[in-house]
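Remember, it's 1-based here, ligands and their atoms both numbered in the order they're listed.
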Amino acid sequence: MLERGNRIVEVIVDVHVHDVDRVFHYHDPGTFDRPLQVGDRVLVPFGHRPRVEGYVVGFGDGDPSALKRVSKILDPEPVLSPAAVAVARWMQEHYVCPLVQGLQCFLPPGTRLRSATNARALVKQGFHLADDVDAPTKAVELERTAPKQAAILRLLHSHKAPIAFAEIERALSVSRAPLTALLAKGLVAETQVRVERNPVRANRPRRAPLTLNAEQQRALKRITRAIESSQPDRILLQGVTGSGKTEVYLQAIEFAQRRGLGAILLVPEIALTAQTIAAFEEFFGGELAVLHSRLSLGERYDQWYKIWRGEVKIVVGARSAVFAPVRNLGIVLVDEEHESSYKQGEAPRYHARDVAWARARHEGATLVLGSATPSLELCYARTVGEIECAEMGNRVDDRPLPAVQIVDMREELARGNRSMFSVSLIERLEHAMDRGEQALLFINRRGFASFLLCRECGYVPRCDHCEVSLTFHQPDQLCCHYCDTRKRLPAACPECGGPYLRPFGGGTQRVQEEFAQRFPRARHIRMDVDTTSRKGAHARILSAFSAQSYDVLIGTQMIAKGLHFPNVTVVGVIAADIGLHFPEYRAAERTFQLLTQVAGRAGRGERAGEVVVQTYDPDHYAVRAAARHDYEGFSAQELAYRERANYPPYTTLARCLWSGEDEVEVIQAAQRGSESVGSLPEDERPEVVGPCPAPLSRLKGRFRWHLLLKGNHAQVRRGALHIQESRKWGNALRFAVDVDPVSLL
Ligand code: ADP
Ligand code: ZN
């Protein structure tokens with residue numbers, strides 16, 4: 001090791017200005033109680049500020065004496081591992097984001113100096129017997145004169161660890177006075193105890209692993225071989241819905257656990273229900289940590305440190321759990337890897353699946369990517385041999401995949417059926433209700449109607465702040481799904497005063513209302529953002545449906561994924577086209593994935609399932625392929641389209657987005673951005689598409705223009721950096737680069 005106190009320290013400072021994404025050099029005075037290390041969080045003077053938080057990313061040679069000094073080390077041990085620093089560097093390079101943003105993803109929650117909300121360990125006063133106190137004897141002495149003091153002594157005697165006053169109060173119903181008396185007599189002493197906020201039910205009996213079928217065994221074998229090799233490896237676990245992927249994940253994690261290795265299992269936030277968390281707790285006997293956005297900051301903080309101290313080695317969580325400080329990482333698993341929620345919508349705009357691979361590469365871990373409908377990126381990687389694939393083509397116990405019927409809603413209309421339910425769907429629902437079976441009705445839009453239209457003048461109520469029409473929510477609200485602006489339903493058309501403002505297009509509320517009219521005796525419940533906003537509502541609805549207190553569950557994509565209800569035999573997709581005509585190149589892929597997932601909810605028990613897919617576009621290849629359960633057919637056709645149109649996975653894409661309140665300024669900035677790319681040498685520059693207004697051309701009062709950069713990663717990065725660095729716009733504008741965007745709205 002270098003001589004302490006004679007080193008140059010490379011520090012990344014927590015200052016968010018676009019042009020400070022670089023290392024600053026400081027002097028290590030060598031006067032701390034331990035040597036500085038890479039990954040340390042420190043305080044340094046920066047500019048006029050005496051104390052700015054910074055992160056040590058390396059050490060340099062040379063004479064440090066002219067440099068400013070590091071003033072303090074903030075933690076007893078480095079909070080960032082060398083691998084974390086390496087992955088943050090990869091994020092900086094890949095996503096064109098400042099290094100500090102990547103580093104901060106790895107920090108304990110709520111501990112940044114600059115953060116608005118701060119977390120810390122919860123410490124309470126605890127009490128224990130003073131040294132050398134013979135509690136039983138003392139208790140007998142005190143029994144007659146001070147029985148409460150005697151009781152406290154006995155209680156403390158029976159407890160090994162210090163306990164809080166609240167616990168004493170609960171056990172003995174005493175006031176604080178006798179305790180104060182014992183403290184004064186020197187019989188009891190006071191100390192600090194850390195109270196852990198733990199969302200996981202620990203110390204539970206562990207359930208035995210299931211006996212795997214042949215396909216599951218093969219997949220598990222492939223994974224455990226990779227873990228044993230200790231080399232980075234990536235495996236695609238492609239298994240149809242109901243093929244038992246979860247059991248393979250769990251047994252793979254257990255294999256790693258037996259070897260003393262850590263594991264991270266990523267699950268889409270929406271699928272991380274109480275039901276699934278309970279299933280994980282049961283398998284691992286509560287020896288795991290969970291990380292998701294519904295935890296309090298304190299809970300997240302305690303879970304983080306528990307993982308960091310190595311007290312738990314298994315982490316189950318949503319997107320950001322990919323940064324969990326698991327030591328000796330053996331395996332990372334990403335369930336439903338195609339899910340768009342793995343992409344973070346704000347800076348740093350990372351994709352958890354790709355960060356997971358960067359982590360696996362740096363830590364010699366195995367990455368398992370599971371899906372029934374792998375993303376086109378992975379499909380391509382598989383085709384060109386970059387990733388190996390373990391396939392599970394059959395459902396557990398060889399249950400058949402459900403039969404899917406496509407219903408052409410144009411024909412229904414021609415036959416005079418104006419309802420949201422086709423004749424075929426109604427028949428199947430009747431049948432299921434008669435037999436005491438359950439059904440799911442899926443529509444990927446909440447509210448009653450997607451918009452209102454004046455039949456006389458054509459007026460459509462729109463949001464004042466966003467370039468979208470307002471959705472009608474019963475009983476009397478118009479609501480913007482982007483900024484949540486709400487208005488009362490007008491009694492007459494605000495434009496022509498006519499009485500014919502009529503709802504068009506359906507949402508969950510409308511499906512529920514029509515269902516109730518047709519099936520007055522059936523019990524139904526709705527699950528969407530509006531019915532699940534209160535804490536615990538989500539879990540209550542699912543467990544009530546699971547207990548068969550309801551016959552039908554109506555919902556948005558919240559009900560499409562991961563749920564396992566063996567008594568569901570009928571699934572109705574009310575409008576398969578929502579989303580199909582979004583102005584995005586991924587629209588077909590998303591629709592295919594969603595339809596496959598929804599259809600996968602049917603027939604997961606003893607009885608076979610049936611799915612009815614209603615659509616106005618029955619010949620669309622995404623709809624047809626989903627109905628045939630034909631992933632290979634769909635992906636071949638979709639890949640061909642992507643190649644023709646030069647979209648990912650055949651090219652790298654970055655989106656540059658400007659937004660601001662002054663439309664002219666926004667347009668000019670986007671145009672100058674586009675021009676500046678033109679000044680790069682030809683072979684280094686990406687293709688520029690646009691600039692043009694974003695599909696959501698106004699959002700929350702801000703105008704939005706964007707352009708796309710296409711090319712290889714180096715070209716796209718060069719273009720984005722160049723735009724960012726030339727920065728030909730004022731501070732009133734916001735600018736964002738999104739590499740590998742999943743949404744172009
Ligand atoms: P997927 O995630 O592939 O859609 P799941 O993991 O939800 O499928 O598994 C479907 C059901 O099959 C679950 O109820 C699971 O407990 C059960 N299952 C999985 N593997 C087995 C097995 N080897 N034997 C019996 N049941 C199994
Ligand atoms: Zn709005």
For Ala560, does its backbone N or O pair with a side-chain atom of Arg601 as donor and acceptor, under 3.5 Å?
->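 Here the side-chain-to-backbone pair exists.
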Arg319 side chain to Ser341 main-chain N or O, any donor-acceptor pair under 3.5 Å?
->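 A pair under 3.5 Å: yes.
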Any idea which atoms of ligand 1 are less than 4.0 Å away from a heavy-atom of [X]?
{"X": "Thr241", "answer": "4 (O)"}
{"X": "Leu212", "answer": "23 (N)"}
{"X": "Thr246", "answer": "2 (O), 6 (O)"}
{"X": "Val240", "answer": "3 (O)"}
{"X": "Ser243", "answer": "1 (P), 3 (O), 8 (O)"}

What about [X]: any of its N or O atoms under 3.5 Å from an N or O on ligand 1?
{"X": "Leu210", "value": "no"}
{"X": "Thr211", "value": "yes"}
{"X": "His564", "value": "yes"}

Any side-chain heavy-atom pair from Phe284 and Leu250 closer than 4.5 angstrom?
->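 They are in contact (side-chain heavy atoms under 4.5 Å apart), so the answer is yes.
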Sole candidate of Thr508, Asp530, Thr531 that passes side chain to side chain donor-acceptor pair (under 3.5 Å) when paired with Arg446 |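 Testing each of Thr508, Asp530, Thr531 against Arg446, the sole residue satisfying side chain to side chain donor-acceptor pair (under 3.5 Å) is Asp530.
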Please list, in chain and residue-number order, the protein N/O/S atoms closer than 2.8 Å to the Zn ion (ligand 2).
->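 Within the sphere that stays under 2.8 Å of the Zn ion (ligand 2), the protein atoms of type N, O or S are Cys463 SG, Cys466 SG, Cys480 SG, Cys483 SG.
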Phe545/Tyr550 aromatic ring centres below 6.0 Å =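 No, too far apart.
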Compute whether any side-chain donor of one residue and acceptor of the other, for [X] and [Y], lie under 3.5 angstrom apart.
{"X": "Thr556", "Y": "Asn444", "answer": "no"}
{"X": "Glu589", "Y": "Gln593", "answer": "yes"}
{"X": "Ser243", "Y": "Glu215", "answer": "no"}

Counting only heavy atoms not in [X] (residues, nucleotides, ligands), do more than 12 fall under 6.0 Å from its [atom1]?
{"X": "Arg258", "atom1": "CZ", "result": "yes"}
{"X": "Arg734", "atom1": "CZ", "result": "no"}
{"X": "Glu632", "atom1": "CD", "result": "yes"}

Is Gln216 touching ligand 1 with its side chain, its backbone, both, or neither, if touching means heavy atoms under 4.0 Å apart?
->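 Side chain only.
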Ion pair present between Arg206 and Glu282, side-chain N to carboxylate O less than 4.0 angstrom?
->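 Result for this pair is no, no salt bridge flagged.
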Say whether Gly239 and ligand 1 are in contact under the criterion: heavy-atom distance to a ligand atom below 4.0 Å.
->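 No, Gly239 has no heavy atoms under 4.0 Å from ligand 1.
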Hey, does Asp335 sit under 4.0 Å from ligand 1 if you only count heavy atoms?
->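 For ligand 1, residue contact (heavy atoms, under 4.0 Å) with Asp335 is absent.
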Out of Lys245, Arg604, Glu247, indicate the one that has the non-hydrogen atom closest to atom 10 (C) of ligand 1.
->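 That would be Arg604.
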